[in-house]
Amino acid sequence: MHWSKTLIPTLRDIPQEAEIPSHQLMLRAGLIRKLSGGLYTFLPLGLRALRRVERIVREEMDRAGAIEVLMPALHPREIWDQSGRYEVLRDVMFRMRDRQDREMVLGPTHEEIVTDLVAHQINSYRQLPKTIYQIQTKFRDEIRPRFGLMRAKEFIMKDAYSFDADWEGVEQSYQAMYNAYTRIFERCGLRVKVVEADTGAMGGSSSHEFMVLADSGEDGLVECTGCAYAANLERAERMPPANESKGDPAPLCEVKTPHRRTVEEVAAFLHVRPEEMIKTLIYLCEEQPVAVLVPGNRELNEHKLARALEGRPIRMADEETVVKTTGAPLGFAGPAGLRIPVYADQELKTLRQHVAGANRADAHVIHLNLARDASVTAFFDLATAREGDMCPRCGASMREKRGIEVGHVFKLGTKYSERFQAQYLDAEGRRQTMIMGCYGIGVTRTLQAIIEQSHDEQGIVWPATVAPYAASLLVLNTEHAESLIVAEQLASALSACGLETLLDDRDERPGVKFKDADLIGLPLRIVVSERSLAEKKVEIKRRQEQAKTLIPVAEAVDYVRRMLS
RNA sequence: CGGGGCGUAGCGCAGACUGGUAGCGCGUUUGGUUCGGGACCAAAAGGUCAAGGGUUCAAAUCCCUUCGCCCCGACCA
């Protein structure tokens with residue numbers, strides 16, 4: 001491709017709308033342009049890179065035995081009512097009516113559609129297992145679109161769904177996708193960390209996320225320094241510290257703490273450490289108040305609470321409920337004397353005495369012994385894990401990191417197959433419900449994650465596997481006829497070997513071409529100039545290295561092929 | 001949805017406090033000189049100053065409302 005014939009609008013300045021490197025570079029290198037918040041046009045260079053990622057995804061899905069289909073992006077409302085997810089996802093779905101005044105939505109995901117399809121088309125155990133996938137645009141009315149393609153209202157996703165006759169089969173289907181994902185991200189040149197994950201709105205029994213480690217990542221995770229354990233913070237467990245054995249606490253004692261409400265205020269006022277305090281949170285579980293206790297220096301993890309309460313709906317209590325339940329204004333709740341269920345973080349067993357709210361205005365209690373002075377319904381791991389916590393598997397210290405979620409695999413179970421009656425007849429002629437798994441890759445997000453993980457001061461550094469072109473061919477002086485001829489010949493010779501190049505034939509000064517070549521970051525740069533041609537040579541350089549090599553023109557094609565193989 | 005920041009030429013920004021002819025750099029067009037790391041000279045085009053309303057003799061500038069974009073948060077009493 002000739003630069004002058006395509007559309008690669010590079011930018012010298014950083015657009016003020018972009019915050020993180022990958023977003024800045026996608027705009028500066030002319031890969032994408034914004035239409036409005038969370039909506040982007042792919043320009044030729046960005047589209048080519050996207051297609052290469054898609055191709056890797058497709059090849060690996062096919063290799064894993066998955067079947068490609070293409071489902072509609074526009075869905076009638078009824079199918080979402082059928083699964084009961086219309087209400088769950090209504091705020092995230094773009095909703096509209098057709099001319100018959102029929103309610104429609106743009107699909108944020110496709111469990112409903114694919115399960116309906118399979119329910120009608122597959123009837124026998126002989127047809128199972130099946131994994132069906134598509135690469136398609138998804139629509140989500142995100143609360144806050146962010147960072148260019150990272151979180152957009154419209155994005156390309158590879159979504160796959162497996163249907164199995166039994167749980168052993170699901171295990172195999174899941175593992176096949178897991179392995180395919182590992183290969184996909186490896187081929188994309190990404191270093192990913194696989195973490196245990198929360199299943200969230202999707203439901204199901206277990207799941208793993210594929211995370212690209214990056215400071216700009218939206219997800220927090222911990223990884224063990226001693227073993228392979230790693231988990232999303234929404235999920236991450238921790239081993240409680242050893243119990244403190246000695247000392248019976250003095251009797252419970254109420255002290256005045258006028259206007260001190262927060263942990264920090266009370267701790268400073270009473271000269272105790274925050275971890276000696278108990279943070280008491282009032283929640284509504286199925287609209288009934290419950291108390292949740294975590295150490296004063298800890299954050300409650302609502303995902304963990306929800307799991308501990310077996311998925312019953314929870315939400316934080318409003319001020320009125322808190323006052324009614326505790327008999328005190330906000331900031332003075334404590335476990336002693338509460339007559340509602342009390343769920344406590346396991347770490348609170350560590351200390352024999354604590355400081356907590358007294359359920360009375362402007363007062364806290366000291367020498368609180370949970371076993372003696374309160375009735376705890378149950379202990380769970382409820383606090384959010386963090387740097388330095390002990391690994392739940394091996395007890396070693398854990399590190400906290402941030403990551404970009406590029407892939408997610410779930411074992412779904414029968415949640416959807418039951419609703420849509422996705423059933424088959426087994427060998428004995430009995431009707432059985434299929435067991436499902438679902439597997440997603442954010443293709444557009446993966447593309448940006450590649451740039452986030454592979455760039456330098458000068459611009460993008462494309463891994464050869466996803467680079468939009470194999471090489472930049474710079475004709476330094478387009479007035480020099482021989483340069484142009486040699487460059488054209490090289491371009492077609494390389495093209496004949498399946499290596500597409502970008503020939504910079506613009507009437508620009510060499511500096512501009514060098515800068516732009518670094519910015520768009522193709523793996524190789526081939527410079528054709530009057531100077532090197534005097535020796536019948538061209539200069540070849542890898543993007544990520546400084547070293548340049550002069551190669552005779554006649555050997556250039558072989559040399560490039562070797563460098564890229 | 002709450003908080004904060006920002007909207008002035010294609011991009012990056014100044015001008016606003018203290019109201020009075022809308023500017024700078026890059027880019028674009030034309031001509032010339034240049035040609036291995038974002039050249040130089042000359043000329044030119046390009047703006048409803050986000051939108052609407054108000055104050056004023058006069059508004060990019062002061063006031064009000066709305067919209068858009070970006071960031072943080074949306075749970076910790």
Side-chain angles (χ1 to χ4, degrees), chain A residues 9-20 23-24 27-28 30 33-39 91 141-148 150-151 216 218 234 259-266 274 277-284 291-306 314-323 325-326 328-334 345 356-357 359 361 364 382-384 457-459 474-480 483 504 506-519 525 527-534 538-539 541 546 548 550:
Chain A
T10 57
L11 262 26
R12 183 189 288 213
D13 298 308
I14 300 172
Q16 51 97 344
E17 72 190 50
E19 189 90 352
I20 64 173
H23 187 196
Q24 294 174 350
L27 291 166
R28 287 225 293 137
R33 281 296 181 268
K34 183 176 70 180
L35 171 64
S36 79
L39 298 173
D91 290 338
D141 193 358
E142 293 285 351
I143 296 172
R144 181 150 85 89
R146 253 201 274 227
F147 302 145
M150 283 296 183
R151 184 168 293 277
S216 59
E218 290 189 282
E234 293 174 351
H259 311 303
R260 271 72 172 186
R261 293 162 182 274
T262 66
V263 166
E264 289 71 30
E265 288 165 2
V266 177
M277 298 195 45
I278 293 177
K279 200 187 277 183
T280 305
L281 310 169
I282 306 299
Y283 269 78
L284 290 171
V292 182
L293 314 182
V294 295
N297 61 340
R298 285 283 183 176
E299 314 271 309
L300 171 69
N301 182 331
E302 280 195 353
H303 297 92
K304 287 186 178 180
L305 178 62
I314 54 163
R315 63 185 171 91
M316 208 160 203
D318 52 282
E319 181 168 348
E320 191 187 337
T321 307
V322 173
V323 171
T325 308
T326 65
L330 289 183
F332 300 99
D345 182 71
N359 297 323
H364 280 71
L382 294 176
T384 304
E457 288 292 297
Q458 304 306 315
L474 306 194
V475 177
L476 289 195
N477 180 0
T478 47
E479 314 263 287
H480 185 241
S483 291
D504 193 346
R506 292 175 299 169
D507 180 20
E508 290 286 355
R509 291 172 62 82
V512 174
K513 298 188 184 186
F514 285 130
K515 288 285 182 191
D516 274 344
D518 286 343
L519 180 59
R525 187 186 79 190
V527 177
V528 184
S529 71
E530 201 167 349
R531 202 169 80 184
S532 59
L533 283 182
V538 293
E539 175 196 291
K541 173 187 170 298
Q546 288 306 311
K548 308 168 199 170
L550 283 170

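Order of the sequence lines sets the chain letters (A, B, ...), proteins ahead of strands, with each chain counted from 1.
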Just to be sure I understand the rule, does [X] reach a base, reach only the sugar-phosphate, or reach nothing, if contact means heavy atoms closer than 4.0 Å?
X: A/Ser36; value: sugar-phosphate
X: A/Lys513; value: nothing
X: A/Ile282; value: base
X: A/Glu530; value: nothing
X: A/Glu17; value: sugar-phosphate
X: A/Tyr283; value: base
X: A/Arg525; value: base
X: A/Ala317; value: base

Under a 3.5 Å cut-off for both distances, is [N] Watson-Crick or wobble paired, and to whom?
N: B/G27; value: none
N: B/C69; value: B/G5
N: B/C40; value: B/G32
N: B/U61; value: none
N: B/C49; value: none
N: B/C75; value: none
N: B/A16; value: none

Applying side chain to side chain contact (heavy atoms under 4.5 Å, CB included), can you list everything that pairs with [X], at least two apart in sequence or on another chain?
X: A/Asp141; value: A/Phe94, A/Lys153
X: A/Gln458; value: A/Asp456, A/Lys515, A/Asp518, A/Arg543
X: A/Gln16; value: none

Quiz item: With no hydrogens and no angle check, do the side chains of A/Asn359 and A/Thr326 hold a donor and an acceptor under 3.5 Å apart?
Solution: no
Using the [atom1] atom in both, what is the distance from [N] to [M], to the nearest Å?
N: B/C57; M: B/G7; atom1: C1'; result: 30 Å
N: B/U30; M: B/U48; atom1: P; result: 24 Å
N: B/C11; M: B/G53; atom1: C1'; result: 32 Å
N: B/G52; M: B/G5; atom1: C1'; result: 23 Å
N: B/A58; M: B/U21; atom1: C1'; result: 13 Å
N: B/U61; M: B/A43; atom1: C1'; result: 33 Å
N: B/G12; M: B/U8; atom1: P; result: 8 Å
N: B/G15; M: B/G27; atom1: P; result: 24 Å

The residue, A/Arg144 or A/Val528, whose nearest nucleotide of RNA chain B is more 5′ is A/Val528
Contacts of A/Arg506 and A/Leu330 projected onto RNA chain B by closest heavy atom; the upstream (5') one is A/Arg506
Salt bridge check, A/Glu142 against A/Arg151: does any charged N sit closer than 4.0 Å to a carboxylate O? yes
- When you check the gap from the basic side-chain N to the acidic O, do A/Glu539 and A/Arg525 get nearer than 4.0 Å? yes
ring-ring contact (aromatic ring centres under 6.0 Å, His included) filter on A/Phe332, not counting sequence neighbours, yields A/His364
**Side chain proximity check, A/Leu533 to A/His480, heavy atoms < 4.5 angstrom** = yes
The first and last nucleotides of RNA chain B lying within contact of chain A, meaning any atom under 4.0 Å from one of its heavy atoms, run from B/C11 to B/A77
Those residues at least two apart in sequence (or on a different chain) that pass salt bridge (charged side-chain N to carboxylate O under 4.0 Å, His left out) with A/Glu17 are A/Lys34
